[in-house]
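No experiment lies behind these values; they were computed from the predicted model shown. Lettering follows sequence order; numbering is per chain, from 1.
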Amino acid sequence: MPEGHTLHRLAGELNSSFAGRRVRVSSPQGRFAASAAELDDSTMIIAAAHGKQLFCDFDDDRILHIHLGLIGSLDLGPPVPVRGEVRVRLATPSVVADLRGPQLCAVRTPEEVAAVVATLGPDPLRADADPDLAWIRLRRSGRPIAALLMDQSVLSGVGNVYRAEVLFRNRIDPHRTGKQLTRRSWRAIWDDLVELMPIGVRDGRIDTVRPEHMPEAMGRPPRVDDHGGEVYVYRRAGQSCFVCGSRIRTEVLAGRNLFWCGRCQRRG
DNA sequence: CGAGCATGGTGAC
DNA sequence: TCACCCTGCTCGA
């Protein structure tokens with residue numbers, strides 16, 4: 001589930017339900033028991049995301065730092081009995097938030113959080129982001145753009161779905177290197193992410209298909225896939241490109257499954 | 001029931 | 001580049 005949009009959405013949900021309130025903190029699974037006891041019954045000030053990192057500020061300068069990783073989840077809802085491996089449960093009388101399978105969950109100091117944030121590239125979902133910081137890294141790199149987009153120290157928040165989709169939408173071959181990218185192309189990618197990712201935050205899913213290519217407009221059936229919205233190439237290997245009809249290709253790049261259209265997306 | 005898979009990342013070689 | 005970590009779900013024996 002978790003690319004940057006998921007974490008920003010969760011930060012908003014946490015703020016609605018917990019900010020300014022006393023929070024019960026527990027670790028039903030036990031692996032976070034000591035830290036949970038330390039935070040229990042204190043006040044959550046505010047939650048915020050930076051890229052895929054989620055930070056919940058509690059009083060006394062204690063910050064709960066969460067990274068969901070590939071399989072982690074944080075589910076908010078009405079109080080229900082604990083089910084499965086719940087690493088951390090945040091609770092008020094009316095709401096619980098259950099954290100399962102996070103890659104990282106720890107209590108940090110403000111200095112430690114600042115150090116983490118300092119390692120991250122600009123986040124398209126943050127108003128304070130400066131795309132030129134990413135461009136400085138990109139422009140001299142011999143690595144493929146599909147790898148650079150996933151590198152959280154270059155820019156933060158983009159994952160495997162957004163990298164594939166933003167490259168398709170901008171007709172850029174994933175193998176083009178940073179050096180082969182023009183500043184103009186980079187700005188097009190960035191501006192597109194700034195447009196797309198807030199939609200993901202709003203809807204809680206990734207939709208990237210433009211109106212003229214939507215199923216209704218094209219006379220094609222809606223995408224049958226339970227894990228996402230309407231996308232052009234992600235997990236569509238072997239199927240027809242919605243724009244040109246050629247077969248969507250796939251390969252492993254930077255350790256992850258990459259999808260692209262060899263005809264629509266150009267090398268140079 | 002086990003194997004394989006997943007929108008991520010780390011550490012060892 | 002690879003093994004491995006975290007959890008839950010699906011699929012095939």
Peer 1: Search all heavy atoms of R210(A) against all heavy atoms of R169(A) and return the closest pair with its distance.
Peer 2: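 It is NH2-O, 3.4 Å.
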Peer 1: Using whole Å, report how far CD1 of I71(A) lies from P of dT10(B).
Peer 2: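 These atoms are roughly 15 Å apart.
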Peer 1: Hydrogens and angles aside, do H5(A) and D203(A) bring a side-chain donor and acceptor to less than 3.5 Å of each other?
Peer 2: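 On atom types as modelled, these side chains do not qualify, holding no pair under 3.5 Å.
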Peer 1: Could you state the atom-to-atom distance from CD1 of I66(A) to P of dT7(C) in whole Å?
Peer 2: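 Going from I66(A) (CD1) to dT7(C) (P), I get 14 Å.
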Peer 1: Using a cut-off of less than 4.0 Å, is there contact between a side-chain N or O of Y162(A) and OP1 or OP2 of dT7(B)?
Peer 2: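 For dT7(B), neither OP1 nor OP2 has a side-chain N or O of Y162(A) closer than 4.0 Å.
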Peer 1: Nearest-Å distance, CD (E3(A)) to P (dG9(B))?
Peer 2: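 Rounded to the whole Å, the gap is 9 Å.
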Peer 1: How many whole angstroms separate atom CZ of R83(A) from atom P of dC9(C)?
Peer 2: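 Distance check: R83(A) CZ to dC9(C) P gives 7 Å.
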Peer 1: Distance check needed: dT7(B) P versus I199(A) CD1, whole Å only.
Peer 2: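 Distance, rounded to whole Å: 22 Å.
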Peer 1: Tell me: NE2 of H65(A) to P of dG9(B), nearest whole Å?
Peer 2: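 In whole Å, dG9(B) P lies 11 Å from H65(A) NE2.
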Peer 1: Which nucleotide, dG8(B), dT7(B), dG8(C), lies nearest any side-chain atom of E85(A)?
Peer 2: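 Between dG8(B), dT7(B), dG8(C), the one nearest the side chain of E85(A) would be dG8(C).
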Peer 1: Over how many whole Å does the gap from L70(A) atom CG to dA3(C) atom P extend?
Peer 2: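 Atom-to-atom, L70(A) to dA3(C), this comes out as 17 Å.
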Peer 1: In whole angstrom, give the distance that lies between atom CG of L196(A) and atom P of dT7(B).
Peer 2: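 Between P of dT7(B) and CG of L196(A): 18 Å.
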Peer 1: Give me the distance, rounded to whole Å, that separates dA13(C) from dC5(B) when you measure between the P atoms they each carry.
Peer 2: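 Roughly 15 Å separates the two P atoms.
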Peer 1: Determine the interatomic distance between C1' on dC4(C) and the same-named atom on dG4(B); round to the nearest Å.
Peer 2: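 These two C1' atoms come out 16 Å apart once rounded.
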Peer 1: Just to be sure I understand the rule, does G84(A) reach a base, reach only the sugar-phosphate, or reach nothing, if contact means heavy atoms closer than 4.0 Å?
Peer 2: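 The residue G84(A) makes sugar-phosphate contact but no base contact.
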Peer 1: Is R236(A) positioned over the aromatic face of F242(A), cation under 6.0 angstrom from the ring centre and no more than 45 degrees off axis?
Peer 2: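 Yes.
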Peer 1: Using a heavy-atom cut-off of under 4.0 Å over every strand shown, decide if Q29(A) touches base, sugar-phosphate, or nothing.
Peer 2: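 Answer is sugar-phosphate: Q29(A) comes under 4.0 Å of backbone atoms only.
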Peer 1: What donor-acceptor contacts under 3.5 angstrom involve side-chain atoms of residues 41-51 of chain A, with partners at least two apart or in another chain?
Peer 2:
residue	atom	partner	partner atom	Å
S42(A)	OG	L39(A)	O	2.4
S42(A)	OG	R62(A)	NH2	3.2

Peer 1: Of all heavy-atom pairs between V86(A) and P28(A), which one has the smallest distance, and what is that distance?
Peer 2: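 So the minimum-distance heavy-atom pair works out to O-CD, 3.4 Å.
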Peer 1: Strictly below 4.0 Å, heavy-atom distances to any atom of DNA chain C: list the hits from residues 98-129 of chain A, or just say none.
Peer 2: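 Those residues are R100(A), G101(A).
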Peer 1: Using a 4.0 Å heavy-atom cut-off, does R163(A) contact any base of the nucleic acid, only the sugar-phosphate backbone, or nothing at all?
Peer 2: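 Since no nucleic acid heavy atom lies under 4.0 Å of R163(A), the category is nothing.
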Peer 1: With rounding to whole Å, what would you report as the distance between dC13(B) and dC5(C) at their P atoms?
Peer 2: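 Straight-line distance between the two P atoms is 15 Å.
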Peer 1: Quick one: is dA6(B) close enough that its OP1 or OP2 comes under 4.0 Å of any side-chain N or O from N257(A)?
Peer 2: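 For N257(A), the contact criterion (side-chain N or O under 4.0 Å from OP1 or OP2 of dA6(B)) is met.
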Peer 1: Counting distance only, does the side-chain N/O of R108(A) pair as donor-acceptor with the main-chain N or O of V116(A) below 3.5 Å?
Peer 2: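 No.
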Peer 1: Taking the minimum atom-to-atom distance to the side chain of H67(A), which one of dG8(B), dT7(B), dT7(C) wins?
Peer 2: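 Nearest to the side-chain atoms of H67(A), counting from C-beta on, is dG8(B).
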Peer 1: For R87(A), which contact category applies under a 4.0 Å heavy-atom criterion: base, sugar-phosphate, or nothing?
Peer 2: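 Counting heavy atoms under 4.0 Å across all strands, the contact made by R87(A) is with sugar-phosphate only.
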Peer 1: Name the closest nucleotide to the K52(A) side chain, picking from dA6(B), dG9(B), dT7(B).
Peer 2: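 Closest nucleotide among those given: dG9(B).
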Peer 1: So, for Q53(A) and H67(A), which heavy atoms are closest and what is the spacing to 0.1 Å?
Peer 2: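 For Q53(A) versus H67(A), the nearest heavy atoms are NE2-CD2, 3.3 Å.
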Peer 1: Sequence neighbours left out, what pairs pass side chain to side chain donor-acceptor pair (under 3.5 Å) with at least one residue falling in residues 248-265 of chain A?
Peer 2: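 As it turns out, the side chain to side chain donor-acceptor pair (under 3.5 Å) pairs with a partner in residues 248-265 of chain A, which skip direct neighbours, are H175(A)-E251(A).
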